[in-house]
Q: 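Below is one structure. I have some questions about it.
Throughout, a chain's letter reflects where its sequence line sits, starting with A, and its residues are numbered from 1.
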Number of protein chains: 2
Amino acid sequence: MSLPHAILTALVEKPSSGLELTRRFDKSIGYFWSATHQQIYRELGKLEADGLIRALPGGQPARGQKKSYEVLPAGRDELARWTAAPQDPKPLRDAMLLRLRAAAVVGTSGIEADLRRHLELHERQLAEYEEIEERDFPPGRDSTEDRLRHLVLRAGIDLETFWTQWLRHALTQFGELPDEGGRT
Amino acid sequence: MSLPHAILTALVEKPSSGLELTRRFDKSIGYFWSATHQQIYRELGKLEADGLIRALPGGQPARGQKKSYEVLPAGRDELARWTAAPQDPKPLRDAMLLRLRAAAVVGTSGIEADLRRHLELHERQLAEYEEIEERDFPPGRDSTEDRLRHLVLRAGIDLETFWTQWLRHALTQFGELPDEGGRT
DNA sequence: TCGTACATGTAATCAGTTACATGATTAT
DNA sequence: ATAATCATGTAACTGATTACATGTACGA
């Protein structure tokens with residue numbers, strides 16, 4: 001149940017319309033909690049009905065017209081409550097690891113190309129994160145808020161670093177492997 | 001759409017009943033693709049209807065009676081097809097990172113205790129993985145199948161190592177932070 | 001007036017979770 | 001007999017994804 005809180009966080013940072021939120025969920029917050037515009041509009045409706053946010057005054061009408069929201073005190077309270085409440089980490093769920101486990105019994109043919117492709121994708125993501133770090137967190141002077149945001153970005157950087165290293169290591173194994181590991 | 005393939009992989013490794021699969025999904029395969037018994041029984045029904053698996057001969061009847069399944073050639077083919085097919089990595093979705101981002105705007109009070117708790121949980125998981133590595137992959141002699149399974153376990157170990165390090169780093173930051181970062 | 005980008009939404013479907021129901025087997 | 005455990009399932013709900021629908025504003 002984190003999507004409403006992701007939206008609240010984004011709206012506290014800056015009041016926005018649905019489409020603006022959608023764009024921000026394509027980067028920034030979306031780097032660790034993605035959402036589509038359909039999810040966002042639905043959730044905005046619920047949050048408004050629950051009295052956690054409201055449409056910015058300036059009476060905008062219906063369809064096709066921009067409608068911006070801001071967080072109400074109740075919304076800020078709910079966000080603070082959720083942030084402090086204990087939550088168990090979700091167990092890992094990764095399809096590539098599953099595919100390698102499957103490859104151990106049905107053969108590895110075909111998977112190597114996709115490992116290479118994933119390596120490229122993770123390298124690209126890592127480069128993007130590192131650009132952001134250079135741009136937004138120059139060495140030396142992080143404010144309190146910046147320090148936390150930097151910490152989150154560091155997690156992204158370190159995770160992408162892990163994946164690129166692990167994928168490179170995986171690919172070295174493939175040079176030594178027969179193309180078919182399964183008993184077909 | 002990976003659950004059926006996780007089950008196929010488990011059943012190729014060893015024909016099993018629903019409950020046996022459930023137990024194996026609490027460890028082993030479940031370490032990177034978890035599933036509850038409800039999901040598993042539902043999926044076993046679908047896989048049987050689709051002709052990818054079948055109940056082991058020895059005419060078992062209905063409720064309360066054990067019923068084991070094995071993978072049919074069509075199931076093995078489908079698993080090989082899925083393993084080789086390109087799939088995009090799913091974007092990261094992590095509630096703890098979101099909570100820290102939220103903490104940057106509504107204050108950090110309360111979250112530190114949960115960071116410590118997460119650190120303990122990840123340390124425990126890491127220790128468990130390392131035991132498995134020692135027990136199942138002694139240095140030197142990995143077969144082809146073992147090499148792939150070891151690779152997957154390494155990913156688990158390295159990921160847990162990352163989390164423990166990152167959480168420790170995060171906690172050092174908290175010593176220097178005021179309890180309230182938000183403008184209440 | 002036509003196409004394109006902006007902007008907000010609905011509907012259907014799918015995957016995962018939670019709560020509950022039912023029967024068989026075994027030990028006390 | 002009865003309680004605990006093994007074993008298989010149903011039902012309801014929630015969250016996420018995919019496809020589609022509708023309307024506005026603006027430039028060519």
Q: Atom CE of B:Met1 and atom C1' of D:dT18: how far apart are they, to the nearest Å?
A: 15 Å
Q: Run the side-chain hydrogen bond (donor to acceptor under 3.5 Å, both in side chains) test against B:His122 and tell me which residues pass, sequence neighbours left out.
A: B:Glu160
Q: With a 4.0 Å cut-off on heavy atoms, is A:Ser17 in touch with a base, just the backbone sugar-phosphate, or nothing at all?
A: sugar-phosphate
Q: Using the salt bridge (charged side-chain N to carboxylate O under 4.0 Å, His left out) criterion, which residues pair with A:Arg23? Sequence neighbours excluded.
A: none
Q: Does a donor on one side chain sit under 3.5 Å from an acceptor on the other, for A:Gln87 and A:Trp82?
A: yes
Q: List for me each residue that meets side-chain contact (heavy atoms from CB on, under 4.5 Å) alongside B:Asp158, sequence neighbours excluded, and say none if there are none.
A: A:Phe162, B:Arg154
Q: Could you identify which residues of residues 85-95 of chain A place a heavy atom less than 4.0 Å from some atom of DNA chain D, listed by residue number, or say none?
A: none
Q: Can you tell which of C:dA15, C:dC6, D:dC6 lies closest to the side chain of B:Leu19?
A: D:dC6
Q: Please state how far atom NZ in A:Lys66 lies from atom P in C:dG9, giving the value in whole angstrom units.
A: 14 Å
Q: Could you state the atom-to-atom distance from CG of B:Leu56 to P of D:dA7 in whole Å?
A: 15 Å
Q: Contact list please: residues 25-53 of chain A against DNA chain C, heavy atoms, distance less than 4.0 Å, in numerical order.
A: A:His37, A:Gln38, A:Tyr41
Q: Residues in side-chain hydrogen bond (donor to acceptor under 3.5 Å, both in side chains) with B:His169, at least two apart?
A: none
Q: Identify, with sequence neighbours excluded, every residue that meets ring-ring contact (aromatic ring centres under 6.0 Å, His included) alongside A:Tyr69.
A: none
Q: What pairs with B:Arg42 under salt bridge (charged side-chain N to carboxylate O under 4.0 Å, His left out), at least two apart in sequence or on another chain?
A: none
Q: Could I get the full list of salt bridge (charged side-chain N to carboxylate O under 4.0 Å, His left out) partners for A:Glu130, not counting sequence neighbours?
A: none
